[in-house]
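Right, one structure below, let's go through it.
In what follows, chains carry the letters A, B, and so on, assigned in the order in which the sequence lines appear, proteins first and then strands, with residues in each chain numbered from 1.
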Amino acid sequence: MAQLIADRRDVDFVLYEQLEAEKLCGYARYREFNRKTFDLVVDEARSLAIKEILPTLAPGDREGLAFADGRVRVPECFHRPYKLYREGEWTAVTADPAVGGQGLPHLIAQAVGDYHLGANYAFTLFGWSGFGAGEMIEIFGTPEQREMFLKPMYSGRWGGTMVLTEPNAGSDVGALTTTGRRLEDGTYAISGAKIFITGGEHDLTENIIHPVLARIEEAPAGTKGISLFIVPKIWVNADGSLGGPNDVACTGIEEKMGIHASPTCSLAFGGKGQCRGLLLGEEHKGMKVMFHMMNSARLLVGAIGFTSASAAYLYALDYARQRRQGRDLEKSFDPEAPQVPIIRHPDVRRMLLWMKAHVEGMRSLIYYAARLLDHIRCESDPLQRDYWQGMMDLLTPVIKAYCSDKGFEVCSQAVQVYGGYGYTREYPVEQLLRDVRIAAIYEGTNGIQAMDLLGRKLGAKGGAVFMNLLQEIQRVIARARGLEPLAGLAESLAQAVERLGQTALYLGQTAMSPKLRTAFAHATPFQEVMGDVVMAWMLLWRASVAVPQLERLVGPAAGEERGSKIEGHKQAAFYEGQVQAARYFINSLLPVTMGKMTAILAADSAVVDIPEAAFGG
Amino acid sequence: MKIIVCVKQVPDTTEVRLDPVTGTLLREGIPSIINPDDKAGLEAALRLKDRYEAHVTVLTMGPPQADLALREALAMGADAAILLTDRAFGGADTWATSSTLASALSALEYDLIITGRQAIDGDTAQVGPQIAEHLGIPNISYAEDLRIEGNTVVVRRQYEDRSHILRAEMPCLVTALSELNEPRYMTPRGIFEAFRDRTVKILTRADLAIDDGNIGLKGSPTRVMKSFTKAVRGKGTVVELDARDAAGWIIERLQEKFVL
């Protein structure tokens, strides 16, 4: 059977060979885990994903959602896997066991997520939502709130949402008009209309807990005056039991391009004047709380882009090996020559290697970020913890934007590999392409991410965090320089890193000059080139792990002998794939990135200068 | 009620690929799993545990790595696990395997022993019935349904074209088909507990009262005359027709080949 969703060999490579997951067991918090437990958890996550979740992907898309009388019905095929997902306690695997979690390292949970998200993320978001929203209550809630909400939310008995967007307050969340009015009993009367709420209403859970951003009367304008409220669909009594409906009405769901099985809801709070909420955190400081969930959600959306790409790549690869069309290039004029699998054609190989390099680079980056979360969680030295936190903050917009953009592009390439069949519903890649498109938009558009990177993250701590990142990349370059087959690639990456440093400095300075608008016109290109350099870092890192293994397995053989040794040895072929992916990315794609950086450094201002009338139309 | 489930750790043959050039199995890196029929047997035992508070012990014979299969069984909900491991047990055929397992079982208390019908890496279907013979207890094989009534086990035994309902007094042995049920998934919590809080009891040659002539390679009368790889043939033809048209289609093909 071909590998589905995620290549298990590659998952293990990143976990154990690149990122040395077993070292995490040195932290007291993870002392009771070992390689065998990690392996069994990933095995079972994969098993559940392939046997139970993946089969819901196409039927969920075809059946879609039913909306009637304010109720949303999810596809029928979701109920069984959701029950299994809950019973298996996959909903909050990283949470502390004391509050109903499993205490699993984030790194291992990421491998679990590879399979669950990659199988059908429209489904898996239901399982994640209670935990995602619950984490805010765990960190910022009162002891009573934690007691009331955490366990049902972490166990998936109750769902959760993120309620920010309003018709006229999307990217500009500070413009929201939903209100919270203090009541005598300490609760707040919530009133307002929200849109684009994922999982805002559905029939998988007995209750849904909405964290709602709203403004208390007399609050200051803008984001600084926003508070966050816990607003249950069904009221929760102080003892945790359910009360009556809380005047939260679903007024409609969106008809969308993709994720047809994920309800995107319009919600009316307090239409009858009877909606109540509990303040989460302090008045007017809701954005700080909400940012905690938004950052998690941004990493999740990056992972959605990546896992969609991973699944699409494996489908395309399998198809390219099976599908026979055309003859070998050398025999293209010989009608007697046999048809060959399309993986033999250079242009198809180019597409596959492009996909492979991006998918594997993204896996390394996303797992690396998960390991950062483990360091942040476990590190006792505050300086070191600060160091990792800075790295996490800097990489968050890159992960969200780069992985969602490239995730879409990889899915598009997968359609291309399939040819005309790829555009039909008979094959799975067209759905992956439709479903992943939203990732570049929601949880802060990729344009917003680019502005966050340039406006906030690059200059953090006077640029020291960014310099730390470049230092981390230099470590891998130094290691690769010591390996003969990688020395040239190391030099190329060193040049790209130097150019990235110059570009960042220049763009950062420009952003603080009168040419501010020009700088921000180059924010997205900068985000892209930074993502490319990070990919090259990850791929060279992988190759530097692979080269010694390859030498061990293949020895000094060269030429045809080497080729046949690698062809007949699965492990050697895997490691050779690491070297070739790094070589392709750094030699064929990174020069384009260098060119893009030249363009950014030129800081052309056409984008700013063009009069609006000159856009035409 | 005390139930003992015998399981075998096998390579996951669904992950085995053929080398397209040589036609040989590419065994490298193939994960090990609990044999599917055995896993169904384990699930059947766990369902009896859920219903009747039965105590479930899982038993395997194999190399030290078979510990992992037992941990998986513990993670699914088994109460105890025993690993029979010794170099002296190596190279066993079905006779030596069943003799060794029966020897270990005879020192344990049980009302019901469940084994899988057969292992996907051997396909003999002999070990379960042989154990019953060694122990002198009734055996019902090919169970596709199983329930307890008083002191008896009632089993629906599968045949190609029919099934039999059979009843056996406990203690007895039942061999399970993978169609018996859908085994439960492990939970992360179950996995952690299986490694952290549970122990696997190890038994070696010295713990068994059995003759050397009945264990390992020496105790294995089976001789392999020849082994060969089946030629790889193309994929079959798949046609989707209703029953009547399908019958007509098959008759035409058979006539083409002068079978009819």
Side-chain angles (χ1 to χ4, degrees), chain A residues 1-4 8-9 12 30-53 80-81 83-95 97 100-105 108-109 112 155 321-322 341 553 564 567-574, chain B residues 9 11-34 36 39 43 46 50 64-78 81 120 178 181-198 200 234-235 240:
Chain A
M1 187 174 70
Q3 290 278 332
L4 288 168
R8 183 62 200 272
R9 178 67 186 90
D12 285 347
Y30 299 142
R31 200 173 40 212
E32 286 172 342
F33 296 107
N34 56 41
R35 166 89 188 245
K36 283 182 179 172
T37 53
F38 292 159
D39 279 345
L40 266 193
V41 168
V42 178
D43 278 349
E44 204 64 348
R46 177 173 181 257
S47 182
L48 186 75
I50 290 175
K51 291 183 197 159
E52 306 289 347
I53 303 175
R80 175 185 152 85
K83 182 169 171 282
L84 290 169
Y85 200 80
R86 271 201 61 205
E87 286 172 354
E89 301 181 82
W90 294 102
T91 45
V93 286
T94 57
Q102 315 290 332
L104 197 66
I108 305 302
V112 168
S155 68
R321 284 181 168 140
Q322 307 287 337
L553 293 170
S564 71
E567 196 71 43
H569 195 299
K570 206 171 159 189
Q571 294 299 335
F574 175 82
Chain B
Q9 189 182 44
D12 186 355
T13 50
T14 60
E15 305 252 353
V16 174
R17 278 190 283 183
L18 286 178
D19 184 319
V21 180
T22 63
T24 54
L25 293 177
L26 294 169
R27 289 176 181 273
E28 187 198 345
I30 301 303
S32 294
I33 56 169
I34 296 178
K39 201 166 178 179
E43 174 64 28
L46 294 173
D50 293 343
Q65 302 90 287
D67 173 83
L68 195 62
L70 296 176
R71 301 280 174 187
E72 191 176 336
L74 291 170
M76 286 172 70
I120 53 175
S178 55
N181 51 46
E182 273 187 55
R184 66 195 63 191
Y185 292 93
M186 290 180 282
T187 65
R189 186 186 304 280
I191 293 169
F192 306 150
E193 287 172 359
F195 280 94
R196 190 185 58 201
D197 306 336
R198 317 292 290 281
V200 168
K235 282 184 183 169
E240 286 182 23

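Within the 4.5 angstrom heavy-atom criterion, no atom of B:Asp197 approaches chain A. Residue contact with chain A, scored on non-hydrogen atoms closer than 4.5 Å, involves the backbone and the side chain of B:Arg189 alike. Residue B:Glu193: no heavy atom, backbone or side chain, is found under 4.5 Å from chain A. With a 4.5 angstrom heavy-atom cutoff, A:Val41 touches chain B via backbone and side-chain atoms both.
Taken from CZ in B:Arg71 to CG in A:Leu40, the straight-line distance is 10.0 Å, to the nearest 0.5 Å.
Annotation: side chain of A:Asp43 is not in contact with side chain of B:Glu72 (no heavy-atom distance under 4.5 Å). You'll find the side chain of B:Phe192 stays beyond 4.5 Å of the side chain of A:Glu32, heavy atoms only.
Taking a 6.0 Å sphere around CZ of A:Arg31, one finds it holds 12 or fewer heavy atoms contributed by other residues, nucleotides or ligands.
When A:Glu52, A:Glu44, A:Glu87 are each tested for a side-chain hydrogen bond (donor to acceptor under 3.5 Å, both in side chains) with B:Tyr185, only one passes: A:Glu52.
Nearest heavy-atom pair across A:Thr37 and B:Ile191 is O-CG2, 4.0 Å. Between A:Gly88 and B:Pro188, the closest heavy-atom pair is O-CD, 2.9 Å.
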